[in-house]
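As structure tokens, the structure follows; a few thoughts come after it.
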Amino acid sequence: FACVPLDKATSEPNCAAAVGRYWVLDMSQQCFEGYHAAWAFALGIPMLFVLAVALPLGMSLFLWHNRHQLTMPRFSRHYGFLYRQYRPSCCYWEAVVVLQTLLLVAAGVFGVTLGPYYQAIIMNAVLAL
């Protein structure tokens with residue numbers, strides 16, 4: 001998804017050679033065309049949904065559903081890494097940390113075109129949540 005805009009379209013005789021958005025990892029590949037489109041739509045968007053929605057939501061629902069077993073040794077041995085550092089009433093907080101981390105990564109990836117100043121502002125805003 002990391003695309004940067006290159007030359008702006010201009011009128012004759014100063015026509016730009018590479019107008020549009022190009023993939024940061026392969027500047028010869030225009031964004032959402034060719035294999036970039038195949039990877040973005042076939043793998044990028046489903047994984048974005050899985051990581052940004054399903055993972056935090058699944059963690060929260062799993063811990064909420066099993067909130068009465070949090071003190072049991074067997075459950076704590078298997079899943080304690082998700083909630084052990086938090087109070088029992090805040091056992092879901094690891095999902096919030098995961099969501100915050102994903103928002104920071106999204107600001108880093110999708111904010112490439114904004115520049116470092118605006119990326120820093122967005123990341124500070126995410127950290128303030």
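As a basis for the values below, the full set of heavy atoms in this structure was taken, side chains included, without hydrogen atoms, waters or symmetry mates. Along the sequence shown, the residues carry numbers beginning at 1.
Between E94 and Q85, some side-chain heavy-atom pair lies under the 4.5 Å cut-off.
Ring geometry for F62 against F75 counts as parallel: the plane angle stays under 30°, on a 0 to 90° scale with 60° as the upper cut.
Heavy-atom minimum distance, L51 versus P56: O-CD, 3.4 Å. The heavy-atom pair separating Q119 from G108 by the smallest distance is NE2-O, 3.0 Å. Nearest heavy atom pair, residue L63 against residue L82, reads CD1-CB, 4.1 Å.
Under the 4.5 Å side-chain heavy-atom criterion for Ile, Leu, Val, Met, Phe, Trp and Tyr, W39 and M47 are members of the same hydrophobic cluster. Both Y92 and Y86 are members of a single hydrophobic cluster when ILVMFWY side chains are connected at heavy-atom separations under 4.5 Å. In this structure, W93 is not a member of the same hydrophobic cluster as W64, with clusters built from ILVMFWY side-chain heavy atoms closer than 4.5 Å. A single hydrophobic cluster is seen to contain both F81 and M59, as judged by linkage of ILVMFWY side chains at heavy-atom distances under 4.5 Å, directly or through other members. In the hydrophobic cluster analysis, where Ile, Leu, Val, Met, Phe, Trp and Tyr join through side-chain heavy atoms closer than 4.5 angstrom, V96 is grouped apart from L102.
Although no hydrogens or angles enter the test, the distance criterion places a donor-acceptor pair under 3.5 Å between the side chain of Y83 and the main chain of L70.
One distance of note links CG of L127 with CD1 of I122; it measures 12.0 Å at 0.5 Å rounding. We find the CD1-CG distance between I121 and N124 to be 8.0 Å, quoted to the nearest 0.5 Å. Note that CE of M72 is 12.5 Å distant from CZ of R77, once rounded to the nearest 0.5 Å.
When the shell of 6.0 Å around NE2 of H78 is examined, it contains more than 12 heavy atoms from other residues, nucleotides or ligands. Counting non-hydrogen atoms of neighbouring residues, nucleotides and ligands closer than 6.0 angstrom, the OH atom of Y35 exceeds 12 such neighbours.
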